[in-house]
Number of protein chains: 2
Amino acid sequence: MEIQSNSGNFREHLAQQGLRVTNQRLAIFGAALDSEDHFTAEDLLERVHKIDHTISRATVYRTLPILTESNLVREVDIGKDYKFYYTPRGEEPTQAQVICTDCEKIFEMDAPFLEWYGQSVAKKLGLAVDSQRLQVSASCENLKREGSCENCTTEQLVQSL
Amino acid sequence: MEIQSNSGNFREHLAQQGLRVTNQRLAIFGAALDSEDHFTAEDLLERVHKIDHTISRATVYRTLPILTESNLVREVDIGKDYKFYYTPRGEEPTQAQVICTDCEKIFEMDAPFLEWYGQSVAKKLGLAVDSQRLQVSASCENLKREGSCENCTTEQLVQSL
DNA sequence: GTGCTTGCAAAGACTTTGCAAACTT
DNA sequence: AAGTTTGCAAAGTCTTTGCAAGCAC
């Protein structure tokens with residue numbers, strides 16, 4: 001799998017926005033790139049500390065908006081007190097999340113026909129769709145039947161419908 | 001429009017759950033019933049205070065889960081720091097929300113075919129759908145063109161696709 | 001009377017911010 | 001050198017909780 005969102009890309013984004021390239025920002029982006037799954041700000045801080053333990057929580061919180069606004073990292077709100085993030089790896093953006101209520105894992109999914117919904121809505125209300133997300137909450141059937149859940153131990157970041 | 005979720009209904013729910021009928025709970029439910037639109041916990045407190053200004057914030061926060069678990073009030077998370085609530089009025093539950101980024105208004109919508117999505121997902125991941133929501137973020141075309149937004153001043157709680 | 005509820009204020013959880021020192025350009 | 005960025009700790013925002021007094025059953 002090709003990693004498109006490399007550090008060079010990040011440097012460009014910083015330049016574009018008139019921001020400075022600091023070791024902290026590079027380390028934080030590096031840690032985000034290194035995360036295979038969804039992570040919280042706190043998860044990210046922990047991972048960042050393995051690179052440089054002097055980097056502060058504040059800087060992580062200040063850097064995350066830069067990353068999300070650059071689309072190098074995506075923000076996912078599943079209704080918890082804290083937000084989740086993940087680093088997309090060259091795929092098209094996904095439109096749906098499935099949250100397993102058993103293992104709390106978040107699956108990013110493609111939902112190819114989803115846009116139709118938003119557009120139907122837009123017409124009726126005179127609104128123009130900016131973005132839309134489908135959020136599915138689900139529980140593990142395997143876990144119920146056999147007491148174990150394969151998904152919980154497998155990396156399945158993106159699936160298509 | 002028939003109001004089905006009346007106070008008698010609430011008393012029953014309280015009894016069912018082994019909870020006591022207090023003036024505070026009745027006032028809070030009354031205030032929720034009185035709210036035509038989406039409201040926050042703080043909005044609700046304000047409205048409750050018009051009925052009885054001695055009712056505390058804590059009681060409002062403690063009563064909201066009772067109301068949502070009874071399905072007398074529904075909770076909506078649109079990714080802000082605080083949650084929104086609304087009192088459904090006899091309609092079927094909606095499956096989608098459209099949030100106008102201009103007026104911040106939330107429109108509850110029916111999305112009849114939405115369940116298909118969740119079920120497709122469920123099959124692939126071996127998960128059983130518990131619930132699903134479509135969240136559309138949209139901006140007002142009228143506002144852009146003419147500088148005013150009809151929706152912002154109109155009550156349109158539920159629309160069907 | 002028993003024990004659930006309430007109001008108050010304090011605590012909690014996550015995130016943001018003011019400020020002086022440090023760093024990028 | 002000029003102005004951004006950082007770390008620290010404090011503040012902020014929304015929500016929850018411990019406790020003694022009050023109320024429903």
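The structure presented is a predicted model; accordingly, all values stated were derived computationally and were not measured.
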ask   = To the nearest angstrom, how far is A:Phe84 atom CZ from C:dT15 atom P?
value = 10 Å
inquiry  = Within the structure provided, determine whether B:Asn71 and B:Arg74 are in side-chain contact (heavy-atom separation under 4.5 Å).
reply    = yes
request  = From the options C:dT15, C:dT17, D:dT6, select the nucleotide whose nearest atom is closest to the side chain of A:Thr59.
outcome  = D:dT6
message = Which is more 5' along DNA chain D, the nucleotide nearest B:Asn23 or the one nearest B:Glu42? Just name the residue.
response = B:Glu42
ask   = Phosphate oxygens OP1/OP2 of D:dG7: is one of them under 4.0 Å from a side-chain N or O of A:Gln24?
value = yes
message = Do A:Asp37 and A:Tyr86 make a side-chain contact, defined as non-hydrogen atoms from C-beta onward lying under 4.5 Å apart?
response = no
query = Taking NZ, NE, NH1 and NH2 as the nitrogens, is one of them in A:Arg57 or A:Glu42 under 4.0 Å from a carboxylate oxygen of the other?
reply = yes
ask   = Within less than 4.0 Å of OP1 or OP2 of C:dT6, is there a side-chain N or O belonging to B:Thr54?
value = no
query = Taking OP1 and OP2 of C:dT6, is either one under 4.0 Å from a side-chain nitrogen or oxygen of B:Arg25?
reply = yes
remark   = With the side chain defined as heavy atoms from C-beta on, B:Leu19 is closest, among D:dT15, C:dT5, C:dT24, to C:dT5
task = Establish, with yes or no, whether the OP1 or OP2 oxygen of D:dC14 is under 4.0 angstrom from a side-chain nitrogen or oxygen of B:Tyr82.
result = no
Side chain of B:Lys83 - closest among D:dT15, D:dT6, C:dT15 = D:dT15
query = Would you say a side-chain N or O of A:Tyr61 is under 4.0 Å from OP1 or OP2 of C:dT16?
reply = no
note = Between CZ of B:Arg57 and P of C:dA10 the distance, given in whole Å, is 15 Å
query = With a 4.0 Å cut-off on heavy atoms, is A:Thr40 in touch with a base, just the backbone sugar-phosphate, or nothing at all?
reply = nothing
task = May I ask you to evaluate whether B:Arg20 reaches the phosphate of C:dT6, defined as a side-chain N or O under 4.0 Å from OP1 or OP2?
result = no
message = If the threshold is 4.0 Å, N to carboxylate O, is there a salt bridge linking A:Glu36 and A:Arg89?
response = no
remark   = Ranking C:dT6, D:dT15, C:dT15 by distance to the side chain of B:Ala41, first place goes to D:dT15
